[in-house]
2 protein chains.
Amino acid sequence: MSSTPLSRSEAKDLTRRRLIRAALAILDTEGETGLTTVKVAKAAGIAQSSFYVHFRDKQDLLRVLGDEGGDRLRRSMREARRRAREAPDVTEHQRDTFRIPLEAICRHPELLRILHRARHDPSSSMHEFAKEASLAYRDHHAADLAALGYTADNERDRRRLEMIAEGINAATNALALGHLEGRYPDLEEAVDVLVSLSKGALRMLKSSSAAAAAREAGPVAGPGR
Amino acid sequence: MSSTPLSRSEAKDLTRRRLIRAALAILDTEGETGLTTVKVAKAAGIAQSSFYVHFRDKQDLLRVLGDEGGDRLRRSMREARRRAREAPDVTEHQRDTFRIPLEAICRHPELLRILHRARHDPSSSMHEFAKEASLAYRDHHAADLAALGYTADNERDRRRLEMIAEGINAATNALALGHLEGRYPDLEEAVDVLVSLSKGALRMLKSSSAAAAAREAGPVAGPGR
DNA sequence: TTCCTCACCGATAGTACTATCGGTGAAATT
DNA sequence: AATTTCACCGATAGTACTATCGGTGAGGAA
């Protein structure tokens, strides 16, 4: 039945994967407090002491988890850009800009939850990493917004664009979690809300650097869906 | 110098206060993982075993902390409503609606951080409490927004109003923390951003229940500051 | 003054977790 | 076939924390 022609290194890598997967699950359900080598090893089906074959110590595991999360995040951001570019028109492109992150969160909510917690927990081993990731994502989104036609060409507007991006990110996360908790069953409604939030904010930018924005005509002032 | 005519119960209450204050500080700087009876007692200047004179166990302390936080939150919400009502005009009223929570967060950022962490940590003793507080705050803000003239009279609009309120809350928290971390030095700019976000969102509501909104004339369509 | 109360103390039993160590057998190498 | 490598194991030393217990002395009631 089960063909098991696994080389030694393949088997080791498999166990390592199992450990990482188990760690993520425990981190999600029980938090960093509940993450112990005992539980991780047991969930991965090996002895507690064998944990140290794969990781120098617990800290090392957290570091690896952070790296993996970072990779996944970066890949997800690139993917989102790529897909949004394929949208048939500006309105749909704009909706994609918000829909894609929402869907990404819903696909792997545990990553967001873990990162989110670490972001606000100075004692977390992943605290610094989570802060950087959060900033990177803000800048990514700021670039997206800028790509929608709202270039900020002075310091003040640039900072406002960053604030808008950070605010919209926070709202995106909140709505995605609300969706997962069953409060907002329809994800498209969340997209509606995010689009409308950003429209208001970008209108402010537009009016403050009216000349530049006017040249872009009406990509945002277009009709709602 | 120091008059010390403290009755026994007064002294006990003082120690209890010191314990709670110490616990909050530790929770903020080291997270729930770092909160131990040893540290709390030491920081409050008593023996570890004396901790149990004031609290049944560690869980009990967390519960009390949650209750205190809830009280403070409710008081803060009432206070915010009261102050916002005193605003000279509609525009300033609107700005107050966003400025007051921002200032409240900046005054006691540790409370938000603690609540925020617990909100996303299922293992936290304050998880359920934090969820309820977050919902209560969303509804409070939704009521504020409704008071600005955007009554939602059908199920769909009501849900959208809730989503907007939750999104704006999230953005408010994010911007307040960004301010505290030094990224956004000017709190008024944060108010600008929040006002503009909400303007966009409420415009959506307005257009979807145009008849009701039209009656309210233009409290939101007014000029920016 | 006498007696009681109780907030606080030090010591400690019990528990949970981390990390190390020597041993084992199967895979890989020779 | 002989030898080496190494992923995994059980046992355990060491550490940190929780919660209990009996004792003590100053506040407060009689």
Side-chain angles (χ1 to χ4, degrees), chain A residues 2-27 29-66 121-126, chain B residues 2-27 29-66 121-126:
Chain A
S2 57
S3 58
T4 325
L6 286 180
S7 82
R8 201 126 64 135
S9 64
E10 283 171 333
K12 181 176 183 180
D13 203 60
L14 199 76
T15 327
R16 186 188 158 91
R17 289 267 138 228
R18 273 206 303 271
L19 283 168
I20 289 176
R21 182 168 286 272
L24 280 176
I26 293 171
L27 219 44
T29 54
E30 305 183 41
E32 214 164 319
T33 320
L35 190 80
T36 68
T37 58
V38 181
K39 285 184 195 165
V40 174
K42 190 170 183 179
I46 61 171
Q48 182 266 341
S49 59
S50 301
F51 172 91
Y52 294 89
V53 172
H54 300 272
F55 303 98
R56 173 198 276 272
D57 52 23
K58 204 174 132 178
Q59 195 70 14
D60 189 36
L61 169 66
L62 271 307
R63 195 188 49 72
V64 169
L65 251 40
D121 186 352
S123 72
S124 164
S125 326
M126 301 189 286
Chain B
S2 56
S3 57
T4 325
L6 287 179
S7 82
R8 199 125 65 136
S9 65
E10 283 171 332
K12 180 175 184 181
D13 202 60
L14 199 76
T15 323
R16 186 188 157 90
R17 289 267 138 226
R18 272 206 304 271
L19 283 169
I20 289 176
R21 180 167 289 270
L24 280 176
I26 293 171
L27 219 45
T29 55
E30 306 183 41
E32 214 164 319
T33 320
L35 190 81
T36 67
T37 57
V38 181
K39 285 184 194 164
V40 174
K42 190 171 183 179
I46 60 171
Q48 182 267 341
S49 60
S50 301
F51 172 90
Y52 294 90
V53 172
H54 301 272
F55 303 99
R56 171 198 277 272
D57 52 24
K58 205 173 129 178
Q59 195 70 15
D60 189 37
L61 169 65
L62 271 306
R63 195 187 48 73
V64 168
L65 251 40
D121 186 352
S123 71
S124 164
S125 326
M126 299 189 286

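Each chain gets a letter, A, B and so on, in the order its sequence line appears, and its residues count up from 1.
- Within the 4.0 Å cut-off from OP1 or OP2 of D/dA19, not a single side-chain nitrogen or oxygen of B/Thr37 is found.
- One can place CD1 of A/Ile26 at 11 Å from P of C/dC17, the figure rounded to the nearest angstrom.
- Rounded to whole Å, the distance from NZ on A/Lys12 to C1' on D/dA7 is 7 Å.
- Each of B/Thr36 and B/Ser9 lies near DNA chain D, and the nucleotide nearest B/Thr36 is the one positioned closer to the 5' end.
- Between A/Ser50 and D/dA7, a side-chain N or O to OP1/OP2 separation shorter than 4.0 Å is absent.
- In this structure, CD of B/Gln48 is placed 18 Å from P of C/dA7, rounded to the nearest angstrom.
- Near DNA chain D, meaning a heavy atom under 4.0 Å away, the residues from residues 51-58 of chain B are B/Tyr52, B/Asp57, B/Lys58.
- We find that CZ of B/Arg18 is positioned 12 Å from C1' of C/dC8, with the value rounded to whole Å.
- In terms of phosphate contacts, B/Ser49 brings no side-chain nitrogen or oxygen within less than 4.0 Å of OP1 or OP2 of C/dC9.
- Checking B/Ile46 against A/Gln59, the closest nucleotide of DNA chain C that is more toward the 5' end is the one next to B/Ile46.
- One interatomic measurement links the two molecules: NZ of A/Lys42 to P of C/dA16, which rounds to 12 Å at whole-angstrom precision.
- Separating the CZ atom of B/Arg8 from the P atom of C/dC4 is a distance of 14 Å, rounded to the nearest angstrom.
- Atom C1' of nucleotide C/dT18 and atom CG of A/Leu35 are separated by 13 Å, given to the nearest angstrom.
- Following rounding to the nearest Å, B/Leu14 (CG) and C/dC6 (P) show an atom-to-atom distance of 19 Å.
- Donor-acceptor pairing under 3.5 Å is recorded for the side chains of B/Ser125 and B/Glu32.
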